[in-house]
A.B. asks: 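First the structure, then my questions, so here it is.
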Amino acid sequence: MSDISVNDQIVKLVELQKIDYEIYDLKGQLEEKPALLEEKKELFEGKKAKLHELEEKLKTIQLGRKEQELELKVKEEGISKSNAQLSAIKTNKEYTAKISEIENIKADMSVIEDKILLSYEEFDRVNADVEKEKSNVAEEEKKYFSQKAEIEGEVKAIKDRIKVLESQKTQVGSEVDPAYLDMYEKILMRKNGLAIVPLNGSICGGCHLNVLPQEINNLKKKQELVYCEKCNRIIYLEEDL
Ligand SMILES: [Zn+2]
């Protein structure tokens, strides 16, 4: 490979950089996908949790009503018992006391009956919310699964593209001097997928800082790879390509 000029090597490295930058970008996109999917899932799970909460509330209302109905039954039995006792009472005083006891129980029953009525109303209200939320969840579920399929499709397309690019990379890489390639790969890893950058005037295309005139002179000599002394990336002159 030593018979190939530095300039030809740079041409190859720039070609390689184009491929690598796309790979770098695609891998970045790939990394974001699981979090994106998780975000959609959390949204859907949130809706499900809300539905569950409403269903629990419905159960609580039903349980409360059962308790009140039981309480009502006990009161009814109390009235029957008191009514039966009335015939055995001898004095007016005892009779009045028993009647008043029955009236008290009836008043308690009326309060319980009101509560039961209210609980039916509350049940209907919450039940309507449950039905509404069920259809929301079904809709969200459909949406989530379609988004999931879409994201999985994107992931597959990205992976396929990376495969193509990696095979191109191998091809182009085989045409580069191994020592140069090794240097290039090391910079690529450390410098966010950008190893070789053009010089814009006297500004490095990687870190956007001034490159020393001495380095620019070296670059024009085309005898060796020249590095930006600030970011350590390989620099090249676009007009040489
Ligand atoms: Zn630089």
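In listed order, ligands and their atoms are each counted from 1. Everything numeric here is computed off the predicted structure, so don't read it as measured data.
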A.B. asks: Has S80 got a side-chain atom pairing as donor or acceptor with E76's backbone, closer than 3.5 angstrom?
C.D. replies: yes
A.B. asks: If you group Ile, Leu, Val, Met, Phe, Trp and Tyr by side-chain heavy-atom gaps below 4.5 Å, do L51 and F123 land in one group?
C.D. replies: yes
A.B. asks: Any salt bridge linking E140 with K143? Criterion: basic side-chain nitrogen under 4.0 Å from a carboxylate oxygen.
C.D. replies: yes
A.B. asks: Taking the basic N atoms (NZ, or NE/NH1/NH2) and the acidic carboxylate oxygens, is any pair closer than 4.0 Å for D182 and K186?
C.D. replies: yes
A.B. asks: Near the Zn ion (ligand 1), which protein N/O/S atoms fall under 2.8 Å?
C.D. replies: C204 SG, C207 SG, C228 SG, C231 SG
A.B. asks: Please determine if K169 and E166 form a salt bridge, counting it only when a charged side-chain N lies under 4.0 Å from a carboxylate O.
C.D. replies: no
A.B. asks: Taking side-chain contact (heavy atoms from CB on, under 4.5 Å) as the test, write out the residues that go with K12, two or more places apart.
C.D. replies: E15, V172, E175, V176
